[in-house]
2 protein chains.
Amino acid sequence: MTISRGGADRVRRRPTRSGVILEPSMIIDAALRLIEAPGGNALTVRRLGVELGADPSAIYRYFRDMDALLIAVADRLISETLADFEPGADWRESLREMGRGVHDSMLRHPRLAQLRAIRFTAGPNELRADDIGIGLLLRAGFAPADAVRHFRDFIDAVLALAAMDAIELGPGQEEADKRALAEVYASFSDEDYPNLAKARDHLTQITSSPFPGVLDKLIDALDRAAPKRKKRSRDH
Amino acid sequence: MTISRGGADRVRRRPTRSGVILEPSMIIDAALRLIEAPGGNALTVRRLGVELGADPSAIYRYFRDMDALLIAVADRLISETLADFEPGADWRESLREMGRGVHDSMLRHPRLAQLRAIRFTAGPNELRADDIGIGLLLRAGFAPADAVRHFRDFIDAVLALAAMDAIELGPGQEEADKRALAEVYASFSDEDYPNLAKARDHLTQITSSPFPGVLDKLIDALDRAAPKRKKRSRDH
DNA sequence: TACGCTTAGGTCAATGCGTTGACATAACTA
DNA sequence: TAGTTATGTCAACGCATTGACCTAAGCGTA
């Protein structure tokens with residue numbers, strides 16, 4: 001069983017019952033169409049079958065499973081993230097902008113967010129992103145090994161936080177959680193939780209996204225770790 | 001339909017076909033047993049039914065859905081995380097230890113990791129953890145509002161990273177990904193990716209966990225943001 | 001052109017999954 | 001004792017995935 005080796009070298013072009021000739025790219029298109037359909041999350045293998053005019057199981061001739069299909073869709077989206085990004089003069093600001101771009105892009109496609117956070121797409125777009133990010137840290141003065149390590153830390157933290165922000169809870173679930181939290185925070189005993197008591201009025205902010213704060217902290221830490229810019233002998 | 005209001009106020013104790021009298025705590029126990037069963041991830045509603053000697057759908061009289069059941073199980077585990085934790089003299093070290101504890105606990109129960117990262121359990125254990133964490137930052141000299149905000153950032157980042165580390169890929173998936181990555185990193189063109197080229201020898205480290213590095217960065221940033229310890233007038 | 005072989009790839013049926021609505025009945029209440 | 005209702009049970013839905021099958025596309029040969 002050879003799978004997902006692209007469309008070019010496929011030779012047997014057998015039409016489905018409804019006459020369509022399948023192509024990997026058609027399946028990716030259809031999947032993206034369903035993902036972005038109004039109502040959201042309309043992508044299921046069965047609906048994909050209907051959308052394509054083929055038996056649902058035909059999809060498995062092209063992608064090992066739903067995961068593999070989603071990865072193919074995800075690689076299309078990384079380019080979207082990079083499209084409108086140009087590194088600027090200040091590496092800190094550029095890194096921040098990159099982080100925000102990734103975060104936004106992932107919120108735009110929650111279904112793919114977790115996948116993008118943990119899987120390597122092996123596509124050229126992912127490499128491009130790494131090249132840009134590591135380039136920024138090299139420019140900041142980090143040695144290559146440190147630049148790689150720090151960028152890995154940075155981008156993985158951004159991806160993980162973004163994936164969490166992107167997760168969609170069931171209808172009403174989020175409000176229910178917030179209400180439960182507000183109630184608990186309003187009613188705990190000062191003796192049992194003395195530290196929380198001191199901060200009681202500020203606990204509500206706990207429900208807002210941690211992303212901006214974490215982004216600040218990561219860049220702060222990198223700034224602190226960056227080699228200090230001073231004249232070195234080879235700069236004579 | 002009233003659900004999951006604990007066991008005490010339940011009045012109709014009707015036995016299942018096999019004679020068992022159900023209790024919420026029994027269901028949680030059984031779920032935890034299945035989660036920790038050899039082979040892992042053995043928890044399904046249907047198996048839970050068998051384990052309990054009841055129809056699978058009976059579980060839905062006690063928990064709204066699988067998610068609600070998992071949250072109940074998760075609250076049990078937070079106490080496990082806190083059990084062997086005692087804040088020490090240095091707030092930075094204590095925070096680091098707390099982060100590591102959460103990370104370890106989540107890796108121990110991957111099935112529950114994502115849930116713990118995004119949902120509020122409304123249980124006393126979660127409150128306790130918040131109280132301890134915010135206490136550490138208050139001790140570091142942060143004003144209450146800042147302590148809350150910074151701890152939220154810290155703990156959410158730790159949870160998000162841990163959730164990512166905990167995700168289990170399909171069999172062979174992880175190796176396949178690493179191999180694909182190693183191949184791509186070994187063979188890209190120096191001209192297309194000049195920055196990656198400068199760091200070529202160091203790219204392999206990209207596959208190790210970002211958790212320790214991110215933990216360092218978060219604590220570094222907090223240390224930097226902490227009010228400097230100097231004599232203040234009220235300390236006379 | 002014709003014939004037969006191999007096999008990619010479309011289809012079908014079945015598995016186990018979470019979840020739900022209808023139903024049955026035992027357990028409490030008046 | 002009759003009525004109410006909590007709670008167990010059953011059958012069904014749509015889901016992803018898979019193994020068996022079937023058939024036509026393409027190939028080699030004459």
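Within every chain, numbering begins at 1; the chains are lettered A, B, ... in the order of the sequence lines, protein sequences first and strands thereafter. These numbers were taken from a predicted model, which means no experiment stands behind them.
With C/dT11, C/dG10, C/dG18 as the candidates, the nucleotide lying closest to the side chain of A/Arg14 is C/dG10. Comparing C/dT11, D/dG8, C/dG18 by their closest approach to the side chain of A/Thr16 singles out C/dT11. Checking D/dA25, C/dC12, D/dT9 against the side-chain heavy atoms of A/Ser57 singles out C/dC12 as nearest.
Straight-line distance from the CE atom of B/Met26 to the C1' atom of D/dG8: 14 Å, rounded to whole Å. Remark: P of C/dG16 and CZ of B/Arg47 are 10 Å apart, rounded to the nearest angstrom. Atoms CG (B/Asp55) and P (C/dG21) sit 16 Å apart, rounded to a whole Å. Rounded to whole Å, atom C1' of D/dC10 lies 15 Å from atom OH of B/Tyr60. Computed from coordinates, the A/Arg61 CZ to C/dA8 P distance equals 9 Å when rounded to whole Å. As a whole-Å value, the separation of A/Ile21 CD1 from C/dA8 P is 17 Å. Rounded to an integer number of Å, the gap from CZ of B/Arg46 to P of D/dA12 is 13 Å. For the pair A/Ile59 CD1 and C/dA8 P, the computed distance is 20 Å after rounding to whole Å.
Residue B/Tyr62 places at least one side-chain N or O under 4.0 Å from the OP1 or OP2 atom of D/dG8. Residue A/Thr44 places at least one side-chain N or O closer than 4.0 Å to OP1 or OP2 of D/dC15.
Under a 3.5 Å cut-off, the side chain of A/Arg152 and the backbone N or O of B/Gln205 do form a donor-acceptor pair. In this structure, the side chain of B/Thr207 engages the main chain of B/Thr204 through a donor-acceptor pair within 3.5 Å. At least one donor-acceptor pair under 3.5 Å links the side chain of B/Asn125 to the backbone N or O of B/Asp75.
Scanning atom types as modelled, one donor and one acceptor separated by under 3.5 angstrom connect the side chain of B/Arg12 and the base of D/dT5.
Contacts of A/Pro56 with the nucleic acid, taken as non-hydrogen atoms under 4.0 Å apart, are absent. Residue-level contact check: B/Ala58 touches the bases, meaning some heavy atom is under 4.0 Å from a base atom.
Using a 4.0 Å cut-off between charged side-chain N and carboxylate O, B/Arg13 and B/Glu23 make a salt bridge.
Between A/Tyr193 and A/Phe188, the two ring planes are perpendicular [angle over 60°; tilted spans 30° to 60°].
Each of B/Pro15 and B/Val45 lies near DNA chain C, and the nucleotide nearest B/Val45 is the one positioned closer to the 5' end. Residues B/Val20 and A/Met66 both approach DNA chain D. Their nearest nucleotides, taken by heavy-atom distance, put B/Val20 toward the 5′ side.
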